[in-house]
Visitor: 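Mind looking over this structure? Questions follow.
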Amino acid sequence: MKIVLLGPPGAGKGTQAKSISNRYSIPHISTGDIFRKNISENTPLGIEARKYMDNGQLVPDEVTINMVKDRLQQEDCKNGYLLDGFPRTVHQAEALQAFLESRDEQLDTALLIEVPMNFILERMTGRRVCPSCGASYHIKFNPTKNDGKCDVCGSDIIQRKDDTEETVKERLDVYERQTQPLIDFYKERNMLSVVDGTKAINEVFESICKILGSGR
Ligand code: ADP
Ligand code: ADP
Ligand code: ZN
């Protein structure tokens with residue numbers, strides 16, 4: 001099964017991706033997580049990506065597309081994958097289509113987690129993440145069980161540097177200009193499915209499972 005997750009920053013893509021990845025046994029590929037890992041390891045890719053991420057801008061397409069193509073050719077992707085945070089521009093979506101076609105493959109669906117803009121700021125500024133495993137929490141909507149420690153791996157959770165009010169506003173602007181057009185891109189190709197992301201986390205997951213079915 002090959003899935004793309006769409007939705008604004010804070011829609012719940014990362015949160016749902018963890019559950020989908022477990023249920024359907026496909027790797028969760030988050031471009032944001034890959035960039036953050038490279039930043040923490042101070043690699044050339046990390047140094048380049050950081051210049052953009054700190055300001056809420058997108059990392060250039062060529063860098064991002066090549067990174068994803070490499071990732072999708074790894075062994076664990078041969079039975080499918082879940083892309084979270086990619087594609088984010090029409091150019092990226094076209095590159096993904098071309099990559100799939102060249103391998104005689106196709107996406108099962110592009111799943112949009114729909115959340116109106118007025119929900120987003122509270123979700124983003126209350127978000128806390130695990131720097132080790134990427135799990136996402138919320139101070140009000142999804143707190144950790146053990147004060148400040150990741151439920152999955154026990155690491156200390158942190159607030160992302162780009163989850164401040166100012167950077168969130170910039171990211172939402174970037175989303176509207178550059179990523180929102182992908183909704184039509186996939187709709188025109190009859191590949192779009194939509195879930196209501198304003199519901200509770202487990203209800204959103206149930207709606208997603210209904211769409212994905214038993215999986216393959
Ligand atoms: P994205 O990956 O789309 O940016 P996240 O999965 O990191 O979004 O979720 C953003 C924030 O909102 C996190 O703090 C998360 O715990 C919280 N969250 C996710 N889904 C829901 C939901 N259905 N209801 C309330 N809060 C949610
Ligand atoms: P969120 O979970 O809030 O949607 P991500 O973790 O997906 O945020 O992304 C964080 C940042 O990483 C983005 O603001 C952007 O700078 C960079 N990034 C992630 N994915 C992409 C992509 N596909 N293209 C360009 N930049 C990206
Ligand atoms: Zn963790």
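In each ligand, atom 1 is the first atom listed, and ligand 1 is the first ligand listed. We number each residue from 1, following the sequence as shown.
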Visitor: Would you please determine whether G7 falls within less than 4.0 Å of ligand 1 on a heavy-atom basis?
Guide: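 Heavy atoms of G7 never come under 4.0 Å of ligand 1.
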Visitor: So which of E203, E122, K13 gets nearest to atom 1 (P) of ligand 1, if we judge by its closest heavy atom?
Guide: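 Nearest heavy atom to atom 1 (P) of ligand 1 lies in K13.
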Visitor: So does L83 get a backbone contact from the side chain of K13, meaning a donor-acceptor N/O pair under 3.5 Å?
Guide: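 Absent.
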Visitor: Which residue supplies the protein heavy atom nearest to atom 12 (O) of ligand 2, what is that atom called, and how far is it?
Guide: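 Scanning the protein heavy atoms, the shortest distance from atom 12 (O) of ligand 2 goes to M53 CE, 3.3 Å.
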Visitor: Can you see whether Y52 has R50 sitting over its ring - NZ or CZ less than 6.0 Å from the centre and within 45° of the normal?
Guide: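 No, R50 does not sit over the ring of Y52.
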Visitor: Please determine if R88 has a nitrogen or oxygen closer than 3.5 Å to a nitrogen or oxygen of ligand 2.
Guide: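 Yes, at least one N or O pair falls under 3.5 Å.
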Visitor: For ligand 2, note which part of T64 has a heavy atom under 4.0 Å away: side chain, backbone, both or neither.
Guide: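 Side chain only.
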Visitor: For a quick test of reading the model, state the closest non-hydrogen atom pair linking K18 to C133 and the distance between them.
Guide: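 Shortest heavy-atom contact: NZ-O, 2.9 Å.
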Visitor: Could you list the atoms of ligand 1 found under 4.0 angstrom from a heavy atom of A200?
Guide: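 Within the 4.0 Å cut-off of A200, ligand 1 contributes 23 (N).
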Visitor: Grab the two heavy atoms, one from S136 and one from V129, that are nearest each other, plus how far apart they are.
Guide: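 Residues S136 and V129, closest heavy atoms: OG-CG1, 4.1 Å.
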Visitor: Taking distance alone, with no angle check, do F35 and ligand 2 share an N/O pair under 3.5 Å?
Guide: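 N/O-N/O distance below 3.5 Å does not exist for this pair.
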Visitor: Which protein non-hydrogen atom lies closest to atom 8 (O) of ligand 1, naming both residue and atom, and how far is it?
Guide: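 Of every protein heavy atom, G12 N, 3.1 Å lies nearest to atom 8 (O) of ligand 1.
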Visitor: Specify the protein heavy atom at minimum distance from atom 16 (O) of ligand 2: its residue, its atom name, and the distance to 0.1 Å.
Guide: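 The closest one turns out to be Q57 O, 2.6 Å.
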Visitor: Which is closest to atom 20 (N) of ligand 1 in terms of heavy atoms, D196, D84, I201, N202?
Guide: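 It is I201 whose heavy atom sits nearest to atom 20 (N) of ligand 1.
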Visitor: Based purely on interatomic distance, does M124 place a nitrogen or oxygen under 3.5 Å from a nitrogen or oxygen of ligand 2?
Guide: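 Checking ligand 2 against M124, no N or O pair falls under 3.5 Å apart.
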Visitor: Backbone, side chain, both or neither: what part of R127 comes under 4.0 angstrom of ligand 2, heavy atoms only?
Guide: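 Within the 4.0 Å criterion, R127 contacts ligand 2 through side-chain atoms alone.
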Visitor: Which one holds for R160 and ligand 2: side chain close, backbone close, both close, or neither close, with close meaning a heavy atom under 4.0 Å?
Guide: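 Side chain only; the backbone of R160 stays clear of ligand 2.
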Visitor: Pick from T31, D61, T179: which one makes a side chain to side chain donor-acceptor pair (under 3.5 Å) with Q92?
Guide: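 One option only clears the test, and that one is D61.
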Visitor: For the residue pair A93 and Y186, what are the closest heavy atoms and their distance?
Guide: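 Between these two residues, the closest heavy atoms are CB-OH, 3.8 Å.
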Visitor: Among all protein heavy atoms, pick the one closest to atom 6 (O) of ligand 1 and tell me residue, atom and distance.
Guide: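 Its nearest protein heavy-atom neighbour is T15 OG1, 2.6 Å.
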Visitor: Of the side chain and backbone of P8, name the one, both, or neither that has a heavy atom under 4.0 Å from an atom of ligand 1.
Guide: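 The part of P8 near ligand 1 is the backbone, not the side chain.
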Visitor: Between SG of C150 and SG of C133, what angle is found at the Zn ion (ligand 3), rounded to 10 degrees?
Guide: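 Value returned, to the nearest 10°, is 110°.
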Visitor: Have a look at the Zn ion (ligand 3) and estimate, to 10 degrees, the angle subtended by SG (C153) and SG (C130).
Guide: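 Vertex at the Zn ion (ligand 3): approximately 100°.
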Visitor: With heavy atoms under 4.0 Å as the rule, classify the contact between K199 and ligand 1 as side chain, backbone, both or neither.
Guide: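 The backbone, only.
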Visitor: In the structure I gave you, are the side-chain heavy atoms of T164 and M124 within less than 4.5 Å of one another anywhere?
Guide: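 Not touching, per the 4.5 Å side-chain cut-off.
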Visitor: Which atoms of ligand 1 sit under 4.0 Å from any heavy atom of A11?
Guide: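 Answer, ordered by atom number: 3 (O), 8 (O).
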Visitor: Quick one: closest heavy-atom pair of T198 and R123, and the distance?
Guide: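 Shortest heavy-atom contact: CA-NH2, 3.9 Å.
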Visitor: Can you tell me which residue and heavy atom of the protein come closest to atom 14 (O) of ligand 2, and the distance to 0.1 Å?
Guide: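 Here the closest protein heavy atom is R171 NE, 4.0 Å.
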Visitor: Please check whether Q92 reaches ligand 2 - meaning an N/O of the residue sits under 3.5 Å from an N/O of the ligand, judged on distance alone.
Guide: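 N/O-N/O distance under 3.5 Å: yes.
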Visitor: Look only at the side chain of D163 and the backbone of Q159, and say whether a donor-acceptor pair between them is shorter than 3.5 Å.
Guide: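 A pair under 3.5 Å: no.
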Visitor: Provide the closest heavy-atom pair for D84 versus G14 in the form atom of the first, atom of the second, distance.
Guide: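 Looking at all heavy atoms of both residues, the closest pair is OD2-CA, 3.5 Å.
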Visitor: Quick test: of every protein heavy atom, which one is nearest to atom 11 (C) of ligand 1, and how far off is it to 0.1 Å?
Guide: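 Atom 11 (C) of ligand 1 sits closest to the protein heavy atom R123 O, 3.5 Å.
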